Amino acid sequence: METTATTPPPDSGGRAGRKEWIGLGLLVLPGMLVSMDMSVLYMALPWLGEDLRPSSAQLLWIIDIYGFLLAGLLITMGSLGDRIGRRRMLMGGAALFAVGSLAAAYSASAEMLIAARALLGIGGATLAPSTLSLIRTMFHSPQQRRTAIGIWTAGFSGGAMLGPIIGGLLVESFWWGSVFLLNLPAMVLVLTLAPLMVPEFRDPRAGRFDLVSSVLSLAAVLPVIYGMKMFAEHGWAWTHALCVVVGLALGAVFLRRQRKVDHPMIDLRLFRARTFSASLGAVTLAMFAMFGAMFFISQYLQLVLGLRPFMAALWTMPALLGMMVGVALATVLVRVVRAGSIVSGGLLVAASGILVITVISADSGLPYIVVGGILMSGGLGAVTALITDLIVSSAPPERAGAASAISETANEFGGAVGIAVLGSVATAVYRAYISASAPGGLPDTAVDAARDTLAGATGVAAELPPAAAQELLAVARAAFTQGIHVSSYLGAGVLIVTAVLTAYLLRHTRPHYDDSTAGDTENATSAGGRHG
């Protein structure tokens with residue numbers, strides 16, 4: 001049965017029942033797999049490379065095309081779901097994801113795998129906003145909706161952490177293509193049960209779909225994400241900067257068009273609500289700091305401490321527990337504490353986790369990585385669970401798809417910028433340290449290779465005499481650790497400033513003691529944001 005923005009809650013009391021909670025499980029599953037597919041290939045790359053023999057450029061596209069299309073199409077798919085039906089988009093995305101997974105698993109060439117990963121990216125961009133906006137449709141009680149969004153957040157975030165571990169287990173037991181076959185039973189389950197467990201919803205007043213705006217949104221997001229990723233991987237280059245500038249310019253054209261068309265993809269009036277805009281800014285900056293910090297952890301574990309990739313992934317698992325605890329605490333505390341206070345507290349906890357990481361050295365640091373990861377993930381779990389709810393609930397129900405897409409695009413954008421900026425800072429510190437402390441007597445080519453990256457130092461050390469190799473590796477590992485320290489201090493500073501600003505901007509949000517008062521409080525908060 002199709003519903004509209006004026007449809008009453010599922011039952012007379014407005015509370016979700018067993019059917020909605022089972023439906024939530026159905027929505028969490030594809031969200032987790034979409035996130036998992038960002039990282040599931042990491043452990044399969046050696047086997048994949050041996051089988052398909054991709055060039056270095058093809059290997060980069062195999063990894064990156066999924067994330068590029070996922071980020072670039074979120075706004076389009078979220079807006080389209082509001083127009084043609086969110087359940088319909090969910091099922092369409094599940095079908096695309098299943099076909100892409102099957103094609104990827106049995107790819108016979110690098111080109112076929114790139115195309116399959118592109119199809120997975122399109123399907124993922126369809127699934128992610130559909131699942132989150134359908135939660136807005138299914139859970140009308142603010143307390144239940146926060147719990148549901150918290151569960152969805154834990155599943156989505158946990159998927160990225162589980163990806164390397166599950167990928168490693170599957171590759172060692174079967175073959176590299178098996179990492180994609182894991183998606184098939186889940187997508188079949190969605191296609192089978194969604195018509196029974198998930199209600200349909202579309203905005204009857206949404207108007208025609210604006211194809212020009214869709215193209216502009218993709219053309220704006222892709223160059224920015226691509227340019228930032230290239231900054232992180234290869235450092236400064238005018239071509240990378242040009243990509244970012246072109247993307248931002250097209251983004252300005254996109255926003256200008258949204259002000260003029262009768263039925264925009266993004267209702268810019270949402271940004272007038274303080275709750276919406278402050279929450280969006282907070283999650284963007286949180287992802288900036290967190291992705292920047294997490295970018296170095298796996299490299300530190302493998303290249304500095306010498307752990308194998310699978311063991312390195314296992315040592316990040318305690319962070320998943322921290323994430324779940326943070327989500328659970330936030331959804332309970334928000335009943336008696338202002339959401340802004342909890343978000344600020346979560347940001348400070350995450351900042352403390354990053355500061356713990358600054359204690360690591362080139363010789364030891366595994367306990368600090370574990371403790372810091374738990375604190376970072378716990379704080380981030382509390383922040384994302386509440387902020388996602390604030391963003392989605394501050395938008396009208398009929399615009400929840402677009403709001404969900406904006407939220408997830410902010411996550412992708414903040415993460416990409418964080419990796420690029422903090423990665424560039426760490427790289428600059430690393431190179432300066434190597435230039436100042438490189439052992440004497442080494443060939444210039446060896447010093448240049450070591451100055452480029454820590455992986456380059458490890459590679460060139462294998463060609464040097466043992467004593468010189470050990471000396472060079474000691475300097476390179478110390479330089480890399482110093483880069484982590486500096487970038488971590490910057491990331492923690494960003495989180496602390498964001499915590500202070502969030503506490504001020506979200507100071508009008510009220511604790512929700514029970515569901516009977518939560519709805520009134522939420523409406524008052526939203527109204528206050530619009531007029532504040």
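Being a predicted model, the structure only gives us computed values, none of them experimental.
Inter-residue side-chain proximity for Met376 and Ser352 is flagged as unmet; no heavy-atom pair is nearer than 4.5 Å. Side-chain contact check for Met138 versus Val198: some heavy-atom pair is nearer than 4.5 Å. Considering only heavy atoms from C-beta on, Leu307 comes within 4.5 Å of Trp315 through its side chain. In this structure the side chain of Thr384 reaches within 4.5 angstrom of the side chain of Met287, judged on heavy atoms. At a threshold of 4.5 Å between non-hydrogen side-chain atoms, the residues Trp21 and Leu24 count as touching. By the 4.5 Å heavy-atom criterion applied to side chains, Val494 and Leu490 are not counted as neighbours. Taking 4.5 Å as the limit, every side-chain heavy atom of Arg87 sits out of range of all side-chain heavy atoms of Pro199. Looking at Phe97 and Asp37, their side chains come closer than 4.5 Å, going by heavy atoms from C-beta outward.
Here the options are Leu347, Leu380, Leu285, the test is side chain to side chain contact (heavy atoms under 4.5 Å, CB included), and the partner is Met290; only Leu380 passes.
Distance check: Leu127 CG to Leu29 CG gives 10.0 Å after rounding to the nearest 0.5 Å. A distance of 8.0 Å separates CG in Leu26 from CE in Met197, rounded to the nearest 0.5 Å. Once rounded to the nearest 0.5 Å, the distance linking OG1 of Thr388 with CZ of Arg136 reads 13.5 Å. In this structure, OG1 in Thr147 is found 6.0 Å from CD in Gln143, a value given to the nearest 0.5 Å. Atom CE of Met317 and atom OG of Ser377 lie 10.5 Å apart (nearest 0.5 Å). Going from atom CE of Met77 over to atom CD of Glu408 covers 13.0 Å, rounded to the nearest 0.5 Å.
For the pair Ser279 and Thr275, the tightest heavy-atom approach, listed with the atom from each and the gap, is OG-O, 2.6 Å. In this structure, Gly346 and Val383 approach most closely via the heavy-atom pair C-CG2, 3.7 Å. Taking both residues in full, the closest heavy atoms of Gly159 and Ser35 are given as C-OG, 3.9 Å, listed atom of the first, atom of the second, then distance. The two atoms that bring Leu70 and Ala125 nearest to each other are CD1-N, 3.2 Å, heavy atoms only. Minimum interatomic distance between Ser133 and Ser404 (heavy atoms only, all atoms of both residues): N-OG, 3.6 Å. Across every non-hydrogen atom of Met91 and Pro195, the tightest pair is CE-CG, 3.6 Å.
Side chain of Thr126 to backbone of Gly93: no donor-acceptor contact under 3.5 angstrom is found. A donor-acceptor pair is defined here as one N or O able to donate and one able to accept, closer than 3.5 Å; such a pair exists between the side chain of His485 and the backbone of Ile360.
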Verdict with supporting geometry, Leu74 and Val221, side chain to side chain contact (heavy atoms under 4.5 Å, CB included): CA-CA 10 Å; Leu74 281 170; Val221 173; over 6 Å; no
Candidate pair Ser79 and Arg83, rule side chain to side chain donor-acceptor pair (under 3.5 Å), full reasoning: CA-CA 7 Å; Ser79 177; Arg83 285 166 167 78; 2.5 Å; yes
Thr331/Arg146 under side chain to side chain donor-acceptor pair (under 3.5 Å): CA gap, chis, key distance, verdict: CA-CA 6 Å; Thr331 53; Arg146 279 190 302 276; over 6 Å; no
Intermediate values then yes/no, side chain to side chain contact (heavy atoms under 4.5 Å, CB included), Arg338 and Ile342: CA-CA 7 Å; Arg338 294 175 186 268; Ile342 298 174; over 6 Å; no
Side chain to side chain donor-acceptor pair (under 3.5 Å) evaluation trace for Thr76 with Ser217: CA-CA 7 Å; Thr76 292; Ser217 70; 3.3 Å; yes
Step-by-step side chain to side chain contact (heavy atoms under 4.5 Å, CB included) determination, Leu422 to Phe288: CA-CA 9 Å; Leu422 297 182; Phe288 171 92; 4.2 Å; yes
Pair Phe296-Ile357, side chain to side chain contact (heavy atoms under 4.5 Å, CB included): steps then yes or no: CA-CA 10 Å; Phe296 301 106; Ile357 291 177; over 6 Å; no
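Arg86 and Ser130 are not linked by any side-chain donor-acceptor pair at a separation below 3.5 angstrom, with hydrogens and angles left out of the test.
With a 6.0 Å radius and a threshold of 12 heavy atoms from other residues, nucleotides or ligands, Tyr300 has its OH atom above the threshold. The number of heavy-atom neighbours closer than 6.0 Å to OH of Tyr504, taken from other residues, nucleotides and ligands shown, is 12 or below.
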